[in-house]
Amino acid sequence: MSARLPALDGPAVEATPAANCTFARGCGDALAPVSAPPADAVERARNHPCYSAEAHHHFARMHVAVAPACNIQCHYCNRKHDCANESRPGVVSERLTPDEAVRKVLAVAARVPQLAVVGIAGPGDPLADPRRTFEVLERVSRAVPDLQLCLSTNGLALPEHVERIASLGVRHVTVTVNMMDPEVGERIYPWVIWNRRRVRGRAASLILSARQLEGIERLREKGILCKVNSVVIPGVNDGHLPEVSRTVKRLGAFVHNVMPLLSAPEHGTHYGLTGQRGPSAAELEEVQRACENDARVMRHCRQCRADAVGLLGEDRGQAFALASLPPEPAQDLSEVRAAYRSAVERRRERLEEARREATARAAAVDPALGARVAVATRGEGLVNQHFGHAREFLVYDVTRTGARLVGHRKVEQYCLGGEGEEDALAVALRAIGDCHAVLVARVGSCPKGQLRAAGIEPVTEHAFEPIEAAALGWLAGLAARVARGEARAPVPRREPAHSADTAGSCAA
Ligand code: CLF
Ligand code: SF4
């Protein structure tokens, strides 16, 4: 198989994909030697809610939607659709000018002390027309210098902009890489715009992949922390993503975010309209596990809107709509954020101490005993939310050595104004149907009974404890009950209902 390709500059060239082509350097394993992420990578990820699962309990991000244009087409994207209540990439309620974006950042920074990161993630590609993106980054970095700057791109225009990105002080860049094999690529990308021309078919994917991998390498050379996002598309790239993981890790990517395709007909995407489904929770877990053999894998992504504000999993964007912003730029309160960061460090010490103590207490638990638990949390790393108030549950696999985040499950809020909604309860029971217990701050008697009937133990004994310590404490208690013959050792449960009810995806 060969393809007629437009060269990076100049005339079209002939290339043979997957053999010795100059574009698809990621095909096969004949790659540059492994490049380690920057030496201070872990420290730099520490307070970024996307690069560190632990940080996402404490720190918030905001996106400013200043980049409407895109230079490629993905079969999972339709940026025309918008719903204020919907959380998925590419969706925005308002597109901002640079002036509006800076005003919004200052307003959020003044009211959200958890804010640590300002990102540009669409609704199109931030580098397709980079002037606004760079103007906003420059102005935000001057106005609020303690905030980290972040960028998310499809990578097509990345290589030539890495120098500028670095000079602006951007230390975190996400590149969405769904394939390196053009045969896979042509089922995801119908076209890319290259040298002002629309390129279709495998040639489009060859160009895109080469540019993505080159961009990741250049980011590494500039000491910028790179995250790679991949959308799992069953039957298209699910079997290919471990190879992507291997390659991007070799090129210096710090973490691989393996996330599900969100697909439904009502969003008007090619995939949604042609019946391409997203992965089930179990399928997603399987791909994440396969990728984890080679790279650090992110499991806490919430596939945010391009105008999201707040902790991951909560969205306060509506509270900061343009019409509700103060007319004058808000005063920057960097000292409030500095005090918050110090408080987080003290909180982290307490969480770590609690984890150590709980692990010591669980040391006698049978190493073969393991369970899956759902947790209701409002943040701070604690079990601190009422079952009926949860809009999502974090899911952990727990053994005596610790609790490992598996992912999150979106649900509808069950308790509204004191009344429970039967439909919402049914959704929640399905969403956490593979869990053996749910750890919550409180739970009403009706849902408690239904949880028990569904074989999910409602647990309030560990309310307001740190999540990992609470999960270990519950496991130790379960082990004691099993030893006394009062409970049976858990066995893996059925797969939960797929919680994704939305379509589309984007660069973030
Ligand atoms: Fe935004 Fe993306 Fe930066 Fe995070 S989101 S630009 S890296 S600040 Fe985060 Fe949202 Fe997942 Fe993106 S949870 S979609 S990974
Ligand atoms: Fe462009 Fe992102 Fe949409 Fe793909 S998902 S077409 S990169 S805006």
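Remember, it's 1-based here, ligands and their atoms both numbered in the order they're listed.
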Just checking, Arg296 and Phe254: is the charged tip under 6.0 Å from the six-membered ring centre and within 45° of the axis?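 Yes, Arg296 and Phe254 form such a contact.
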Does [X] reach ligand 2, in the sense of a heavy atom lying below 4.0 Å from it?
X	value
Tyr189	no
Gly124	yes
Pro123	yes

Qualifying residues under ring pair (Phe, Tyr, Trp, His ring centres under 6.0 Å), relative to Tyr51, sequence neighbours excluded: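 Ring pair (Phe, Tyr, Trp, His ring centres under 6.0 Å) list for Tyr51, sorted by chain: His48, His172.
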Only heavy atoms of Tyr76, strictly under 4.0 Å: list the atoms of ligand 2 that pass.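 Checking each atom against Tyr76, I get 5 (S).
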In ligand 2, which numbered atoms sit nearer than 4.0 Å to a non-hydrogen atom of Asn154?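 Answer, ordered by atom number: 7 (S).
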Would you name the heavy atoms of Val297 and Val258 that are closest together and state the gap between them?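 Taking Val297 first and Val258 second, the nearest heavy atoms are CG1-CG2, 4.3 Å.
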To the nearest 0.5 Å, what is the distance between CE (Met179) and CG (Asp181)?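 Going from the CE atom of Met179 to the CG atom of Asp181 covers 8.5 Å.
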Please determine if Asp307 and Lys104 form a salt bridge, counting it only when a charged side-chain N lies under 4.0 Å from a carboxylate O.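 Judged by the 4.0 Å cut-off on N to carboxylate O distance, Asp307 and Lys104 do not form a salt bridge.
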Under 4.0 Å between a side-chain nitrogen and a carboxylate oxygen: does that hold for Glu217 and Lys222?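 No, no charged N to carboxylate O under 4.0 Å.
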Hey, does His48 sit under 4.0 Å from ligand 1 if you only count heavy atoms?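 It does; at least one heavy atom falls under 4.0 Å.
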Take every heavy atom of Met298, measure it against each atom of ligand 1, and state whether any distance is under 4.0 Å.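 A heavy atom of Met298 does come that close to ligand 1.
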Nearest neighbour of atom 5 (S) of ligand 1 from the list Arg305, His63, Arg61, Gln303, on a heavy-atom basis: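 Selected option, by shortest heavy-atom distance: His63.
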Which ligand 1 atoms does Cys150 reach within 4.0 Å, using its non-hydrogen atoms?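 Under 4.0 Å from Cys150, ligand 1 has these atoms: 3 (Fe), 6 (S), 7 (S), 8 (S).
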Which ligand 1 atoms, with their elements, are less than 4.0 angstrom from a heavy-atom of Leu312?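 Contacts of ligand 1 toward Leu312, numbered from 1: 13 (S).
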Ligand 2 contact on Cys70 by region, counting heavy-atom pairs under 4.0 Å: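 The answer is the side chain of Cys70.
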Answer yes or no: does atom CD of Glu160 have more than 12 heavy-atom neighbours from other residues, nucleotides or ligands under 6.0 Å?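 For Glu160, atom CD is crowded (more than 12 foreign heavy atoms under 6.0 Å).
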By side-chain hydrogen bond (donor to acceptor under 3.5 Å, both in side chains), which residues pair with His256, not counting sequence neighbours?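 With neighbours one apart ignored, the set is Ser230, Ser245.
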